[in-house]
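Written below as structure tokens is the structure these notes are about.
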Amino acid sequence: MTSANLEAFFAAIAGALGAEGINRSEETIRRYGENTMPGGDRPPAGVVYPASTADVQLIVRAANTHKVALYPISTGNNIGLGSRSASASGQVVVDLGRKMNRILDIDEKLAFAVVEPGVSYQALYDELVRRGNKLMLDVTSGPPQGGMIGNALDKGAGYSPYFDHFGFSCGLEIVLGNGELLRTGDGALDSKDLINWHTSKYSFGPILDGLFTQSNFGIVTRMGVWLLPRPPAVRSFHFAFPDDDDLETIVELCRPLKLSNFVPTLFRVSNDLYLCGSEGESPEYRASGGKRSISDEGRRHLRERHGLGAWNVSGAFYGPSAAAMEPQIQRVRDMFGQSGKARYISHEDAAAIPPLQVAINAFSGVPSMGELGLLKWRPGGGNIWFAPGTPMDGRVANEFQRLCRKIYNEFGLDYTAMNVCSARFARGLHVITFNREDADERARADACYRTMSEEVGARGVFVGRAPVDYHGFHMAQTLPAFRNACAGIKAALDPNGIIAPGRYGIVETRERGA
Ligand SMILES: Cc1cc2nc3c(=O)[nH]c(=O)nc-3n(C[C@H](O)[C@H](O)[C@H](O)COP(=O)(O)OP(=O)(O)OC[C@H]3O[C@@H](n4cnc5c(N)ncnc54)[C@H](O)[C@@H]3O)c2cc1C
């Protein structure tokens with residue numbers, strides 16, 4: 001991509017979208033290049049702001065003509081995974097969120113919404129409340145300004161029965177890398193009157209929607225999101241466990257409650273630092289200059305201060321009233337009580353402990369900021385997510401807990417993890433918080449991430465999502481046939497390779513002899 005190509009591209013976009021459709025100021029380039037990764041910022045060549053699907057097609061066609069690489073973002077709040085940063089410096093960020101932020105439809109009878117990329121969790125939540133709070137949206141416990149499309153396409157998740165954000169999306173509109181407009185599901189019908197686009201996931205032909213998750217084959221401009229009827233009452237329950245190895249018991253207790261679907265939410269099983277870490281800087285960071293992990297004694301003090309355990313379990317029931325759910329709560333208390341180690345924390349008591357209030361909000365479909373405090377556990381703003389998972393087998397989950405904790409300690413970092421438990425699988429959300437302004441700490445965070453990935457990979461565990469610095473690294477862990485299949489699809493849908501080249505390690509060139 002030469003500077004002549006870029007100039008010709010920006011001239012074409014300025015001609016079509018006007019001056020306000022582009023920003024190439026130094027300040028904007030700096031802001032859009034910022035992220036929390038160890039590998040440094042990735043300043044783009046500039047930013048373009050489409051206002052419609054037709055604008056996106058125009059941008060993609062101009063990029064094909066001038067061979068310019070684009071990087072689409074929705075709201076650009078993918079903090080800890082890349083923020084607004086492109087796969088490589090010098091790509092042109094397509095910021096869909098600035099102008100394409102309309103809620104296109106809310107169907108109260110069939111309980112779904114249709115959104116553009118810039119619609120944030122907070123915006124849809126506010127609109128649902130404005131309409132009488134009859135429907136509930138599944139939210140993340142991350143930034144409220146993050147959006148449904150960016151999150152679902154990155155296979156993000158929440159905590160209510162509709163936790164699987166890609167799974168509970170229905171019907172996409174996509175501008176492919178070749179500029180063509182694709183509608184998935186029932187939207188593929190050649191008709192103007194589509195009545196099932198956002199209600200039926202399994203329509204005629206192959207299911208193409210999944211191709212647009214964690215990939216770079218197209219730019220999604222519209223998505224259907226399924227909503228739950230808002231329950232009259234949400235009643236949470238929480239248990240604190242004293243020891244690190246209690247994870248084994250906890251997973252064994254959670255599994256039957258999820259397999260039978262007795263508990264409708266996912267279980268958030270968070271360690272002490274995942275919860276206390278959002279409440280202030282590490283009390284030992286300054287003394288060790290960030291060289292050492294927090295001591296066991298330091299963790300104990302934090303737990304005592306916040307009324308939490310080494311592991312903390314949270315879940316919730318939905319029902320007509322708090323009283324009506326008492327028998328369900330009692331049954332869960334009885335089960336956890338059998339461990340002889342669980343300390344019960346009631347809904348009311350949890351509401352007074354800010355990190356547990358985050359869990360209550362997440363189960364209640366209410367966006368909240370509390371967990372963002374984790375970014376300040378160490379100074380300097382460094383933050384990456386390591387997201388492996390384990391089967392819901394207590395012994396296996398605990399082995400991985402021990403392994404990752406040991407690796408964090410070897411690199412002088414602080415083991416911070418939440419296991420999000422469903423029936424058969426638990427996603428292990430690990431936060432690596434580090435001082436990005438300290439070269440040594442940055443290098444240790446990077447080495448910690450890579451070492452954990454290699455160690456869990458050697459034991460048969462892959463990550464479910466990855467920070468932008470590690471897309472190529474993880475793609476190299478896959479089978480050659482997987483890489484070639486991705487390359488073949490890329491070549492078919494984006495023959496000039498203009499959309500986010502390298503995102504999730506996908507390139508358009510097949511490997512020979514695989
Ligand atoms: C403390 C904390 C807690 C968090 N908790 C959660 C959590 O509970 N669950 C969770 O899932 N995440 C969580 N996150 C991660 C994150 O905040 C969200 O996933 C994020 O908001 C994603 O939405 P977005 O609109 O910001 O996506 P963006 O940043 O806009 O995009 C995300 C990725 O998708 C691609 N993309 C975006 N839009 C399009 C498009 N229209 N077409 C094609 N590709 C596109 C982009 O290239 C980018 O790589 C957390 C983060 C933090 C810091």
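Starting from 1, each residue takes its place in the sequence as its number. Keep in mind the model is a prediction, meaning the values are calculated, not measured. Reckoned from all heavy atoms, side chains included, excluding hydrogens, waters and symmetry mates. We count ligands from 1, going down the list as the structure has it; atoms in each ligand are counted the same way.
Using a 4.0 Å cut-off between charged nitrogen and carboxylate oxygen, E441 and R378 count as a salt-bridge pair. We find that E27 and R30 are joined by a salt bridge, their nearest charged nitrogen and carboxylate oxygen being less than 4.0 Å apart. The pair R222-D105 fails the salt-bridge criterion, with no side-chain N (NZ, NE, NH1 or NH2) lying under 4.0 Å from an Asp/Glu carboxylate O. Using a 4.0 Å cut-off between a side-chain N of Lys or Arg and a carboxylate O of Asp or Glu, D438 and R442 do not qualify as a salt bridge.
At under 3.5 Å, a nitrogen or oxygen of Y159, whether backbone or side chain, sits near a nitrogen or oxygen of ligand 1. Below 3.5 Å of separation, one finds an N or O of G147 facing an N or O of ligand 1. Taking any N or O of V220, backbone or side chain, at least one lies under 3.5 Å from an N or O belonging to ligand 1. Looking at T75 next to ligand 1, an N or O pair under 3.5 Å apart turns up. Note: an N/O pair closer than 3.5 Å links P72 and ligand 1 by distance alone. Considering both main-chain and side-chain atoms, A157 comes within under 3.5 Å of ligand 1 through a nitrogen or oxygen pair. Close N/O approach between Y71 and ligand 1 is found [any backbone or side-chain N/O within under 3.5 Å]. Of the N or O atoms in S141, one or more lie within a sub-3.5 Å distance of an N or O in ligand 1. By the 3.5 Å distance cut-off applied to N or O atoms, L81 is not counted among the residues near ligand 1. Considering both main-chain and side-chain atoms, S74 comes within under 3.5 Å of ligand 1 through a nitrogen or oxygen pair.
Using modelled atom types and a 3.5 Å distance limit, the side chains of N312 and S270 yield no donor-acceptor pair. Under 3.5 Å, the side chains of Y285 and N435 contain a donor-acceptor pair of N or O atoms. N151 and Y121 share a side-chain donor-acceptor pair at under 3.5 Å. With 3.5 Å as the limit, one finds no donor-acceptor pair spanning the side chains of T416 and D414. H474 and R465 form no side-chain donor-acceptor contact under 3.5 Å, judged by distance and modelled atom types alone. Judged by distance alone, the side chains of E371 and S141 do bring a donor and an acceptor atom under 3.5 Å apart.
Under a 4.0 angstrom heavy-atom cut-off, W385 registers as being in contact with ligand 1. Heavy atoms of A500 stay at 4.0 angstrom or farther from ligand 1. Heavy atoms of H165 come nearer than 4.0 angstrom to ligand 1 in no pair at all. The closest approach between L153 and ligand 1 falls below 4.0 Å for a heavy atom of the residue. For G373, the closest heavy-atom approach to ligand 1 does not fall below 4.0 Å.
Only the backbone of S83 comes within 4.0 Å of ligand 1, judged by heavy-atom distances. The proximity of R503 to ligand 1, defined as any non-hydrogen pair under 4.0 Å, is limited to the side chain.
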Salt bridge (Lys or Arg N to Asp or Glu O under 4.0 Å), that's the test. Do D209 and R183 meet it? Break it down for me.
CA-CA 9 Å; D209 308 59; R183 295 190 307 228; over 6 Å; no
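If you check which protein heavy atom lies closest to atom 50 (C) of ligand 1, you get G142 CA, 3.7 Å.
For ligand 1 and E371, the ligand atoms under 4.0 Å from any heavy atom of the residue are 1 (C), 3 (C). Residue-ligand proximity, G218 to ligand 1, at heavy-atom distances under 4.0 Å covers atoms 43 (C).
Of the listed residues (G146, S278, P143), the one carrying the non-hydrogen atom nearest atom 17 (O) of ligand 1 is P143.
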